[in-house]
Amino acid sequence: MTELAAVKAALKTQAIETPSWAYGNSGTRFKVFAQQGVPRDPREKLDDAAKVHEFTGAAPTVALHIPWDRVDDYAALAAHAEERGVRIGAINSNTFQDDDYRLGSICHPEAGVRRKAVDHLLECVDIMDATGSRDLKLWFADGTNYPGQDDLRSRQDRLAEGLAEVYERLGEGQRMLLEYKLFEPAFYATDVPDWGTAYAHCLKLGEKAQVVVDTGHHAPGTNIEFIVATLLREEKLGGFDFNSRFYADDDLMVGAADPFQLFRIMYEVIRGGGYTSETAFMLDQCHNIEAKIPAIIRSVMNVQEATAKALLVDGEALAAAQRAGDVLEANAVLMDAYNTDVRPLLRELREESGLAPDPMAAYRADGWQERIVAERVGGEQAGWGA
């Protein structure tokens, strides 16, 4: 098999999960910007996600967010997804929007609030059972704003206790993916602020617990690919939330702010053996001012391009330069792959797979955007928190 044929074969296996909430209305802290044709319920979100997969061929699963995507019959929702050519992916919990969670959820000082939070997580596992989902994805807004507000060690004890109960509920083939976030909304101490904290809890829980790396959840200048390499080495990388940021957790389109970083991350994924179905590659983005479906299509394409470049790295040449201590040559090997225009390769791959070579143009010509604007009139549009 030639090098390009091997790259194409690897790209054909790539699966990028899209988030249901990205299809709804979103905005800044000051304003949610409504768009025409936005889904009014989870089924319409799945319909839009199916269009992304139809034109990219690389987005077969859709992550749900509970309670934003709560329905009476989850098996029926999963069946609707299958009818549209996609499947339900990760189930994302929400323990940050109820008034009870003002002082935290799973780490709250009151046992009753902690019980409510854990019960919600257990409900999410029930939904996993009903939809056939593999992954329970957890992010906690828990933390404190002031020194002395609560005992930091006790909060970690509560976190460990709650996670352990949910972990024991997981079924065969199911996983718990624990996300972390440097700050926000807690201003003094965040209960899961970094990959080390998430890793420590996952290590204690067991092999079904793994860490999620959100590319926007780090301090400026953090070497995210080092984190990825380390977690892969420890067999604790469960997946990604791909996005971009310029300052903090902006949730901008992946590859928009630093496409070179995305390339470096994907290289470490491939180098570390993480380019498999065991690693969840999910988008976590909010499209505030741009059209939603085209933005998600573009995001999938950005991940595909970064992956193609990473697959083109000459591993033997790179290793030889590293052994020789040839700093410039080693860097040049990486840069040669990164500077390769892989768009013709991806166009060929799509045509060979029976897809249109340009997903963006194909979507514009399809008429779906005009159709949903005309048909989705009335009802309540889905949005952040709805």
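Bear in mind the structure is a predicted one, so any value in this text is a computation, not a measurement.
- Judged by distance alone, with hydrogens and angles left aside, the side-chain atoms of D241 form no donor-acceptor pair with the main-chain N or O of D284 at under 3.5 Å.
- In the hydrophobic clustering, V32 connects to no other residue, as no ILVMFWY side-chain heavy atoms lie under 4.5 Å from its own.
- Using a 4.0 Å cut-off between a side-chain N of Lys or Arg and a carboxylate O of Asp or Glu, R271 and E268 do not qualify as a salt bridge.
- Side-chain contact between L237 and V228: present, with at least one pair of heavy atoms (C-beta onward) separated by less than 4.5 Å.
- Counting only distance, with no hydrogens or angles, the side chain of T279 and the backbone of G274 share a donor-acceptor pair below 3.5 Å.
- Remark: side-chain polar atoms of S244 are paired, donor with acceptor, to backbone N or O of M253 under 3.5 angstrom.
- Judged by distance alone, the side chain of K208 and the main-chain N or O of G171 form a donor-acceptor pair under 3.5 Å.
- Pairs of residues two or more places apart, or lying in two chains, that qualify as side chain to side chain donor-acceptor pair (under 3.5 Å) and include a residue from residues 220-236 are Y199-E234, E225-R264.
- Applying the under-4.5 Å side-chain rule to Ile, Leu, Val, Met, Phe, Trp and Tyr, the cluster around V113 extends to Y101.
- Looking at residues two or more places apart in sequence or on another chain, you find no ring pair (Phe, Tyr, Trp, His ring centres under 6.0 Å) involving W195.
- Taking 4.5 Å as the limit, every side-chain heavy atom of E44 sits out of range of all side-chain heavy atoms of V38.
- Y275 contributes no side-chain N or O that, together with a main-chain N or O of T307, makes up a donor-acceptor pair within less than 3.5 Å.
- Distance alone, capped at 3.5 Å, places no donor-acceptor pair between the T340 side chain and the V342 backbone.
- Identified under the side chain to side chain donor-acceptor pair (under 3.5 Å) test for residues 155-177, with sequence neighbours left out: R115-E165, D126-R169, D129-R169, D129-Q174, D135-R175, D150-R155, D150-R158, R155-D191, Q156-H201, R175-Q210.
- Under the 4.5 Å side-chain criterion, counting only non-hydrogen atoms from C-beta, Q35 is in contact with N25.
- Counting non-hydrogen atoms of other residues, nucleotides and ligands closer than 6.0 Å to CZ of R371 gives a total of 12 or fewer.
- Between the OG1 atom in T144 and the CG atom in L103 there is a gap of 10.0 Å [rounded to 0.5 Å].
- Heavy-atom contacts from other residues, nucleotides or ligands closer than 6.0 Å to NZ of K204 number 12 or fewer.
- What you find for Y180 and H217 is that their closest heavy atoms are O-ND1, 2.7 Å.
- The backbone N or O of Y146 lies less than 3.5 Å from a partner atom in the side chain of Q149, making a donor-acceptor pair.
- For residues 99-108, every residue pair satisfying the salt bridge (Lys or Arg N to Asp or Glu O under 4.0 Å) rule, not counting sequence neighbours, is listed here: D100-K116.
- Between K12 and S353, the closest side-chain pair of non-hydrogen atoms falls below 4.5 Å.
- Y267 is linked by a ring pair (Phe, Tyr, Trp, His ring centres under 6.0 Å) to nothing, counting only residues two or more places apart in sequence or in another chain.
- Checked by atom type and distance alone, the side chain of T56 pairs as donor or acceptor with a backbone atom of A58 at under 3.5 Å.
- For residues 323-369, the pairs satisfying ring pair (Phe, Tyr, Trp, His ring centres under 6.0 Å) are F260-Y338, F263-Y338, with sequence neighbours left out.
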Show, in sequence, the C-alpha distance, side-chain angles and deciding distance for W21 and D69, and conclude whether the side-chain hydrogen bond (donor to acceptor under 3.5 Å, both in side chains) test is met.
CA-CA 9 Å; W21 54 94; D69 294 319; over 6 Å; no

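- Here CD1 of I127 is found 10.0 Å from OG of S93. Values are rounded to the nearest 0.5 Å.
- Applying the side chain to side chain donor-acceptor pair (under 3.5 Å) rule to pairs touching residues 80-90 yields R43-H80, D47-H80, D47-R84, sequence neighbours excluded.
- Within the structure, side chain to side chain donor-acceptor pair (under 3.5 Å) pairs that include any residue of residues 316-335 do not occur (at least two apart or interchain).
- A 4.5 Å side-chain heavy-atom check between Y74 and I91 finds every atom pair outside the cut-off.
- Of the possible polar contacts, none joining the R134 side chain to the M128 backbone as a donor-acceptor pair under 3.5 Å is found.
- A donor-acceptor contact shorter than 3.5 Å links the side chain of N92 to the backbone of L64.
- Evaluation of the ring pair (Phe, Tyr, Trp, His ring centres under 6.0 Å) rule for Y23 yields no partner, not counting sequence neighbours.
- Taking CG of L262 as the reference point, atom OG1 of T215 lies at 7.5 Å (rounded to 0.5 Å).
- Ring-centre distance between F240 and F281: below the 6.0 Å cut-off.
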- Query: What's the verdict on side-chain hydrogen bond (donor to acceptor under 3.5 Å, both in side chains) for H120 and N94, showing C-alpha distance, side-chain angles and the deciding distance?
  - Reply: CA-CA 8 Å; H120 169 67; N94 182 322; 6.0 Å; no

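- A 6.0 Å sphere centred on CZ of F226 holds no more than 12 heavy atoms belonging to other residues, nucleotides or ligands.
- Here K292 does not pair with D48 in a salt bridge; the nearest charged N to carboxylate O distance is not below 4.0 Å.
- Rounded to the nearest 0.5 angstrom, D341 CG and L346 CG are separated by 9.5 Å.
- A donor and an acceptor atom, one from each side chain of N243 and D214, are located under 3.5 Å apart.
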Which atom pairs, one a donor and one an acceptor, fall under 3.5 Å between side chains of residues 296-304 and the rest of the protein, sequence neighbours left out?
{"residue": "S299", "atom": "OG", "partner": "Q285", "partner atom": "NE2", "Å": "2.8"}
{"residue": "S299", "atom": "OG", "partner": "A295", "partner atom": "O", "Å": "2.8"}
{"residue": "N302", "atom": "ND2", "partner": "V254", "partner atom": "O", "Å": "2.9"}
{"residue": "Q304", "atom": "OE1", "partner": "R350", "partner atom": "NH2", "Å": "3.1"}

